[in-house]
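Contents: one structure, followed by commentary.
Positions are given from 1 along the sequence.
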Amino acid sequence: MIDARLQTLRVLHEQGTVTATAHVLHLTPSTVSQQLQHLAREVGVPLLEAEGRRVRLTAAAHTLLGHADTLFAQWERARADLAAHVDGTAGRVRIRAVSSAVAELVAPAVARLRAVDPDVDVHVSEEESDDCFPLLLSGRADLAVLIPTADSPPPTDERFDQRPLLDEPQDLLVPEGHPLAARAGADLAEAAHEDWIASPARADQYRLLLTSCTAAGFTPHVAHEAREWFAISALVAHGFGVCLIPRLAPVPPEHPVRRVRLRGPSRPSRRLVTAVRRGSRTHPSLARVLDTLHTVVRERVDD
């Protein structure tokens, strides 16, 4: 087994503070500090230095992190190779995903997998994209389906294996009777003077709204905030504004709203990716989940 203190150092590098690291790892801050002090004594070089009330990693710590990332990736490969020697594909897979992916991709994939392979134990949880990487790193998630943001690790990050899953267009959701409701398509700039419904708490979607509208030449006036698509759709239905909605996001059929497909050079889209700890993708139970997920995606694209 790899020294758990190396994992603590990796999470500290990701989170930036001892308190946040303790929260992610379900430890106390004093335990985190003690682990890193003991690790520094064992390797014989200082790993942390004070920076006001915070700490920062030393150059030696960054060198050690590079080796730790290699060790953990190789450990994941070893676990995957050893699992292949066990009959069957039984195992637990913890999936964290953004809400629309849970509803339209993950849930159908897991239901299909359960029907043919009930020994694979899958746990699904909705998460914001930016929360998924710390959960993968700490071992509290095995697979994330997320939307990369400006704060996401780059695809070259040695800790994670990130691969495209689906490029999902965005639609404009408007109430029935809206001038754009009967249109087959519209340019996003045509909604420049509308009131918008969005939520900064839904970070990935909110960033997409801002960048898409900026590319279309305007800043959206967010008049009302709602987080859940059911609530957003209800506000649109009652004439409080319009919203940008992913193609996969479900809209209650009883809401008098219309999806307008966006077109033109500023047509917004978002990329969904799968992320796992580097080296773990070939683990049999995780591979089964990923294969089934990709099958559901292909069927959705074909539709």
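R41 pairs by the salt bridge (charged side-chain N to carboxylate O under 4.0 Å, His left out) definition with nothing, not counting sequence neighbours. Under the rule for a ring pair (Phe, Tyr, Trp, His ring centres under 6.0 Å), the partners of F230 that lie at least two apart in sequence or sit in another chain are H255.
One hydrophobic cluster, built from ILVMFWY side chains closer than 4.5 Å, holds both L12 and L47. In the hydrophobic cluster analysis, where Ile, Leu, Val, Met, Phe, Trp and Tyr join through side-chain heavy atoms closer than 4.5 angstrom, L27 is grouped together with V18. L64 is connected to L137 through a chain of hydrophobic side-chain contacts under 4.5 Å among Ile, Leu, Val, Met, Phe, Trp and Tyr, so both are in one cluster. Taking hydrophobic clusters as Ile, Leu, Val, Met, Phe, Trp and Tyr residues chained together by side-chain heavy-atom distances below 4.5 Å, I245 does not share a cluster with V174. Follow the hydrophobic side-chain contacts under 4.5 Å out from W75 and you reach F160 in the same cluster.
Without hydrogens or angle criteria, S280 side chain to V276 main chain gives no donor-acceptor distance under 3.5 Å. Judged purely by atom type and a 3.5 angstrom limit, Q37 has no side-chain atom pairing as donor or acceptor with the backbone of V32. The closest donor-acceptor contact from the side chain of S100 to the backbone of L248 lies at 3.5 Å or more, if one exists at all. A donor-acceptor pair under 3.5 Å links the side-chain atoms of S152 to the main chain of T149, judged by distance alone. R140 places a side-chain N or O within donor-acceptor distance of the main-chain N or O of V24, the cut-off being under 3.5 Å. Judged by distance alone, with hydrogens and angles left aside, the side-chain atoms of R5 form no donor-acceptor pair with the main-chain N or O of A40 at under 3.5 Å. No side-chain donor-acceptor contact under 3.5 Å links T274 to the backbone of V145. Judged purely by atom type and a 3.5 angstrom limit, H238 has no side-chain atom pairing as donor or acceptor with the backbone of F240.
By the 4.0 Å N-to-carboxylate-O rule, D131 lies too far from R96 to be salt-bridged with it. Between E76 and R278 there is no salt bridge, since no side-chain nitrogen of the basic residue lies less than 4.0 Å from a carboxylate oxygen of the acidic one. Ion pairing between D142 and R277 holds under the 4.0 Å rule for side-chain N and carboxylate O. Checked for salt-bridge contact, D151 and R207 meet the test: a charged N lies under 4.0 Å from a carboxylate O.
When R270, R267, R247 are each tested for a salt bridge (charged side-chain N to carboxylate O under 4.0 Å, His left out) with E168, only one passes: R270. Considering V242, V251, L235 in turn, V251 is the only one that fulfils the side chain to side chain contact (heavy atoms under 4.5 Å, CB included) rule with L173.
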Q.
Assess the residue pair L105 and L165 against the criterion (side chain to side chain contact (heavy atoms under 4.5 Å, CB included)); give the C-alpha distance rounded to whole Å, side-chain angles, the decisive distance to 0.1 Å, and a yes or no.
A. CA-CA 10 Å; L105 300 177; L165 178 65; 4.3 Å; yes
Q.
As a quick check of understanding, evaluate side chain to side chain contact (heavy atoms under 4.5 Å, CB included) for F133 and D157, giving each step before the final call.
A. CA-CA 11 Å; F133 289 103; D157 192 303; over 6 Å; no
Q. Do R298 and T295 pass the side chain to side chain donor-acceptor pair (under 3.5 Å) test, and can you show the C-alpha distance, the side-chain angles, and the key distance before you say yes or no?
A. CA-CA 5 Å; R298 285 194 296 271; T295 298; 3.1 Å; yes
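Side-chain N/O atoms of T31 and T28 include a donor and acceptor closer than 3.5 Å. When only modelled atom types and interatomic distance are considered, H178 and E194 share a side-chain donor-acceptor pair under 3.5 Å. In the model, H123 has no side-chain atom that pairs as donor or acceptor with a side-chain atom of S125 under 3.5 Å. Between Q15 and T21, the side chains place no donor N or O within less than 3.5 Å of an acceptor N or O (distance only, hydrogens not considered).
Across V102 and E126, no two heavy atoms sit closer than the pair CG2-CA, 4.3 Å. Nearest approach of P250 to W229, heavy atoms of both residues: O-CB, 4.2 Å. Across all their heavy atoms, V236 and P175 have their closest contact at O-CB, 3.2 Å. The shortest heavy-atom contact between R259 and P246 is NH1-O, 3.2 Å. P252 and S233 get closest at one heavy-atom pair: CD-OG, 3.8 Å. Considering all non-hydrogen atoms of both residues, V273 and P164 come closest at CG1-CA, 4.1 Å.
Counting only residues at least two apart or in different chains, side chain to side chain donor-acceptor pair (under 3.5 Å) contacts with residues 179-193 comprise R183-E190.
When side chains are defined from C-beta on, L39 counts as touching V43, because their heavy atoms get closer than 4.5 Å.
Summarising the local packing, NE2 of H62 is surrounded by more than 12 heavy atoms from other residues, nucleotides or ligands at distances under 6.0 Å. In this structure, H23 places its NE2 atom where only 12 or fewer heavy-atom neighbours from other residues, nucleotides or ligands lie under 6.0 Å away.
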